[in-house]
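A quick write-up on the structure given underneath.
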Amino acid sequence: MAIDSKRSLETAALIVGAGSGQRFGRAKTLVCWRGEPLLYWAARPFARSEDVSRLVLVVREEDRSGAEEVLQRLGKSGSVVIGGATRSASVRAGLAALPASARRVLVHDAARPNVSMALLSRVLAADGPCVLPAMSVHDALHRETSEGPQIVDRSGVLRVQTPQRLDRELLAALHAASPEAADDGALAIAAGAPVRYVHGEEENVKVTTPEDLARLEKIAGDVRVGHGFDIHRLEAGRRLVVCGVELPADRGAVGHSDADAACHALMDAVLGAASLPDIGYHFPPSDPRYAGADSIRLLETVRDLAREAGWTVAHADVTVVLEAPRIGPYREAMRQRLADALRLSKDGVSIKATTAEGLGPLGSGQGIAAWAVATLRGRVE
Ligand code: MG
């Protein structure tokens, strides 16, 4: 069977991100987008694919430890390799690190963090020794010249993206003479190798300038909203921790962990948006590991659980109901604590507080309650 024979050809992915980011203003491989470096998102589809056996992350020496952390979080076998002065030199460095068993190579730009699994499948499934994702051009094309503007015929013009899939032997042969080119497809064409195009994706943005990152933010991903609620009794002799900040109070919250009701409500909101089980499932009160636990650490774990499910937190809105003390003086410190745990800017976290106007058990100071809404953004699929 054709598909089985393709699957039997071991495929490795080279993620190339050793550039200095001249047009971006700084090296961008480890620039954060949705709580993770671009390198993480660029490599993630390859880590998820059963048809890719190994990752090679090619980065600058300065980014080595950051890239090693990314590789660990992706949970795929692979290695981190230091790139060269040019893109082609970096591909050669990655190529040299491939095991002999890798027969096909996917070369991908670390600056493209939004490849869908569908695009990767098309690149993997197409026949031929060199497969390139490409898009046709719909805008009019003009060229400025010293003799004045010229109109360029756009028929048949393609914008070529990555990941590009090449047979390992072909890729090695193309690079044997240490040539320089914009990408490996260009080398294949210069050498007269047969090339096949598959449909690229508009969402497969290459982050070249800071504006590209902003554009990506607008086009990529589904949005989900989750809601959480929590309540804890207040008693003398306990600490009162709200959104990771300890408040001066006569009475504190009773609970197995640090009893941070606001943090717990937010954790459930994040889990809810990702359709994951609630905090009682992940952190059972019967488990001694969570006795006195810092709920900010638990919130970080929840953030990671959501990310593994393909979601990142874009915004959190928390309402605290507490008679005393007043939240106002501590609000900014609380926002910062939650923002750091969720890897958001402080602008991504809202904390509101109210009293219960003396009504009921909350109004008589017997408890603290919190409601939270979390907005999560996901991948295109
Ligand atoms: Mg709780």
Side-chain angles (χ1 to χ4, degrees), residues 224-307 309 311 313 315-327 330-331 333-344 349-356 359-376:
R224 292 256 196 100
V225 173
H227 172 256
F229 167 76
D230 196 24
I231 187 164
H232 281 259
R233 277 185 294 118
L234 297 178
E235 285 181 4
R238 292 280 304 185
R239 298 159 67 219
L240 180 59
V241 180
V242 182
C243 298
V245 175
E246 185 165 348
L247 306 185
D250 302 335
R251 293 190 287 178
V254 180
H256 185 59
S257 66
D258 62 6
D260 186 338
C263 204
H264 296 176
L266 180 54
M267 287 159 66
D268 260 348
V270 172
L271 290 166
S275 294
L276 293 168
D278 64 17
I279 58 171
Y281 172 88
H282 294 289
F283 313 104
S286 56
D287 190 330
R289 279 182 301 169
Y290 303 119
D294 178 350
S295 294
I296 290 288
R297 296 282 96 77
L298 305 184
L299 178 61
E300 289 170 351
T301 303
V302 162
R303 172 205 71 203
D304 289 344
L305 288 167
R307 189 196 60 214
W311 299 97
V313 182
H315 187 259
D317 184 21
V318 180
T319 300
V320 181
V321 180
L322 180 66
E323 289 303 298
R326 294 182 66 82
I327 295 289
Y330 310 97
R331 187 193 316 266
M334 291 175 178
R335 289 177 75 198
Q336 194 63 58
R337 288 281 279 160
L338 297 184
D340 289 346
L342 295 172
R343 294 199 182 133
L344 288 171
V349 176
S350 154
I351 295 173
K352 310 179 304 305
T354 184
T355 69
L359 295 168
L362 287 176
S364 63
Q366 294 175 57
I368 177 172
W371 285 259
V373 173
T375 306
L376 271 58

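The structure displayed is predicted, hence computed values, not measured ones. Counting convention: from 1, in listed order, for ligands and their atoms alike.
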Open item on the list: Regarding Asp260, does it place an N, O or S atom less than 2.8 Å from the Mg ion (ligand 1)?
Closed with: no
Task: Atom of His264 closest to the Mg ion (ligand 1), considering N, O or S atoms - done: ND1
Open item on the list: Would you say that Leu271 contacts Tyr281 through its side chain, given a criterion of any heavy-atom pair below 4.5 Å between the two side chains?
Closed with: no
Open item on the list: Is there a side-chain contact between Asp268 and Val270 in this structure, where contact means two heavy atoms from C-beta onward sitting under 4.5 Å apart?
Closed with: no
Task: Distance-minimising heavy-atom pair for Ala253 and His232 - done: CB-CB, 4.0 Å
Open item on the list: Heavy-atom count check: over 12 atoms from other residues, nucleotides or ligands less than 6.0 Å from Asp304 CG?
Closed with: yes
Open item on the list: Among the N/O/S atoms of Asp230, which is closest to the Mg ion (ligand 1)? Give the atom name.
Closed with: OD2
